[in-house]
Student: 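Here it is: the structure, laid out below.
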There are 2 protein chains.
Amino acid sequence: MPQTPRRIPKSTISHRRVLDAAARLFHERGYAGTTLRAIAAEVQLEAGSIYYHFKSKDELIEAVLDEAMARVIGAGRAAVEAVPAGATARMRIEAAIHAHVATIIEIGDYTLATRRVIGQVPEEVRQRLMRQRDSYGRFWQDLLEQAQQTGELRADADMHLARMFILGGLNWTAEWFKPDRRPLAEVAAAFTGFVVDGLLAAAPAPATSRHRRAGSAR
Amino acid sequence: MPQTPRRIPKSTISHRRVLDAAARLFHERGYAGTTLRAIAAEVQLEAGSIYYHFKSKDELIEAVLDEAMARVIGAGRAAVEAVPAGATARMRIEAAIHAHVATIIEIGDYTLATRRVIGQVPEEVRQRLMRQRDSYGRFWQDLLEQAQQTGELRADADMHLARMFILGGLNWTAEWFKPDRRPLAEVAAAFTGFVVDGLLAAAPAPATSRHRRAGSAR
DNA sequence: GTCTATATTCAGATAGAC
DNA sequence: GTCTATCTGAATATAGAC
């Protein structure tokens, strides 16, 4: 059918443009280092005009943080739920790794802004954010421990330490990974190889062990 | 012999105290968010007195960043050099992991301040810091690739990705590891287990593979 | 919706007393 | 070495015109 010209209010467009600019500047210059004048200049507005869209600088940073956290969590859960029921732990873990990295790269300024300004936001906002982060942490913990209980992952591995190590490695990609240099799927597969082959209970066929593939799944 | 009362100039003490306070506040509040008045208050001085010890706010942040980088690099190289010549790759890697984590935890405020304010420091300072960081990156790269050339680590693993993943996992400890909760050596051994068992060329004895130890070395 | 103009607060830095 | 007092610039936020 022919596209009905759906009205997108001018305010919605500016709202999003302001938010994107804010995320980028909060990332680059930190919270106090980012002035409303600079954000306004990025989107060809004057400083006073920001206040039509956001009540205060605090409300702006809160919007950036909320979006970053919600996107990462949503993508992770969706990706794992989309894996067929009978799949291996390796496939579920690779799906979670891929989704995590893909999302933090896609919304890079939002995620990096979060790490840079957390600790400068109002206590109430920080508390809410940390609760969400903890819930995402439990999601990963369950993923790993379930794979451990089914015997797919080593029973003697400390899965809390493993989770912290893995999420650290994944989060670090936001600092260096450039999607135009190499396909993300390649990185996700390699990471999965590092992780799973380091945790896998079953020993690989000893004969040609040197030629085991790193990320065989995709 | 009885301790000769060695004179430590008052200025040296204040200098160090100011630097420590600056590192903590730069970490907590970022560069622009940290006022010289706040740093001064931390060490029971007035704002103007800071200028006796440092010429400017820029000089202060530069001192913090330089110290953070130098300590981490120095500790890493020293630890690996201290490993006996005939040692396994696993031992060298565990030494590097232990040194890296131990140092970033010990000088936590300095390392975390670095990540928070990089990008807000003068271009020339940032360039110099990134050159040091790259040199440390090559140190790790050599460590991994040499182990690969001797056949101790898998030949088919992408060691650049492996290095980025590992350093990410290690750096993340600065955000969560509390030394009073558990011994650092335990964490370093577990991390080494994750990393090496994920990269090891030789397949473990298939019989009782489930009961392989995670970090058997220490 | 966006502008200009401005009130108010607070930052980094300097000068000179102690 | 540290203090007090102060200069100067710039920030958030508001008010009202367009």
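Computed over heavy atoms, backbone and side chain alike; hydrogens, waters and symmetry mates excluded. Note that the structure is a prediction, hence the values are computed from the model and not measured. Reminder, nothing fancy here: chain letters follow the sequence lines and each chain counts from 1.
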Student: Taking the side chain of A/K57 as its heavy atoms from C-beta onward, which of D/dT4, C/dA13, D/dA13 lies nearest to it?
Tutor: D/dA13

Student: Per the salt bridge (Lys or Arg N to Asp or Glu O under 4.0 Å) rule, what does the pair list look like for residues 166-193 of chain A, sequence neighbours excluded?
Tutor: A/R115-A/E175, A/R182-A/E186, A/R182-B/D158

Student: Quickly work out the B/L36 CG to D/dT2 P distance and round it to whole Å.
Tutor: 15 Å

Student: At under 4.0 Å, does any side-chain N or O of A/Y52 touch on OP1 or OP2 of C/dG1?
Tutor: yes

Student: Ring centroid separation for A/H15 and A/F54, is it under 6.0 angstrom?
Tutor: yes

Student: Starting at atom CD of B/E46, determine the distance to atom P of D/dT4, rounded to an integer number of angstrom.
Tutor: 5 Å

Student: Please check the phosphate of C/dG12 (OP1 and OP2 only) for any side-chain N or O of B/S56 closer than 4.0 Å.
Tutor: no

Student: In whole Å, what is the span from the NZ atom of B/K55 to the C1' atom of C/dG12?
Tutor: 16 Å

Student: Any side-chain N or O of B/S49 under 4.0 Å from OP1/OP2 of D/dG1?
Tutor: no

Student: Between atom CZ in A/F54 and atom P in D/dT14, what is the gap in whole Å?
Tutor: 16 Å

Student: Please give, in whole Å, the distance from C/dA11 C1' to B/L60 CG?
Tutor: 15 Å

Student: Mind checking B/T12 for me? I need base, sugar-phosphate or nothing, with any heavy atom below 4.0 Å counting as a touch.
Tutor: nothing

Student: Are the charged groups of B/E81 and B/R77 less than 4.0 angstrom apart, N to O?
Tutor: no

Student: The side chain of B/S14 lies closest to which of these nucleotides: C/dT2, C/dG12, D/dT2?
Tutor: D/dT2

Student: Can you see if the side chain of A/H15 gets near the phosphate of C/dG1 - specifically, an N or O under 4.0 Å from OP1 or OP2?
Tutor: no

Student: Distance from A/L112 atom CG to A/I107 atom CD1, nearest 0.5 Å?
Tutor: 9.5 Å

Student: Before accepting this row, confirm whether a basic side-chain N of the pair A/R163/A/E145 lies closer than 4.0 Å to the acidic partner's carboxylate O.
Tutor: no

Student: Taking atom CZ of A/R133 and atom CZ of A/R138, what is their separation to the nearest 0.5 Å?
Tutor: 11.0 Å

Student: What nucleotide among C/dT2, D/dG1, C/dA13 has an atom nearest to a side-chain atom of B/H53?
Tutor: D/dG1

Student: A/Q44 CD to C/dC3 C1': how many Å, rounded?
Tutor: 15 Å

Student: B/R37 has an atom CZ; how far is it from atom P of C/dT9, in whole Å?
Tutor: 15 Å

Student: Could you go over nucleotides 15-18 of chain D and give all protein N or O partners under 3.5 Å, atom names and distances?
Tutor:
none

Student: Starting at atom CD1 of B/I39, determine the distance to atom P of D/dT2, rounded to an integer number of angstrom.
Tutor: 15 Å

Student: Flag the pair A/R16 and A/D20 as a salt bridge only when some basic side-chain nitrogen lies within less than 4.0 angstrom of an acidic carboxylate oxygen.
Tutor: yes

Student: Can you find a side chain N or O atom of B/Y51 that sits less than 4.0 Å from OP1 or OP2 on C/dA13?
Tutor: yes

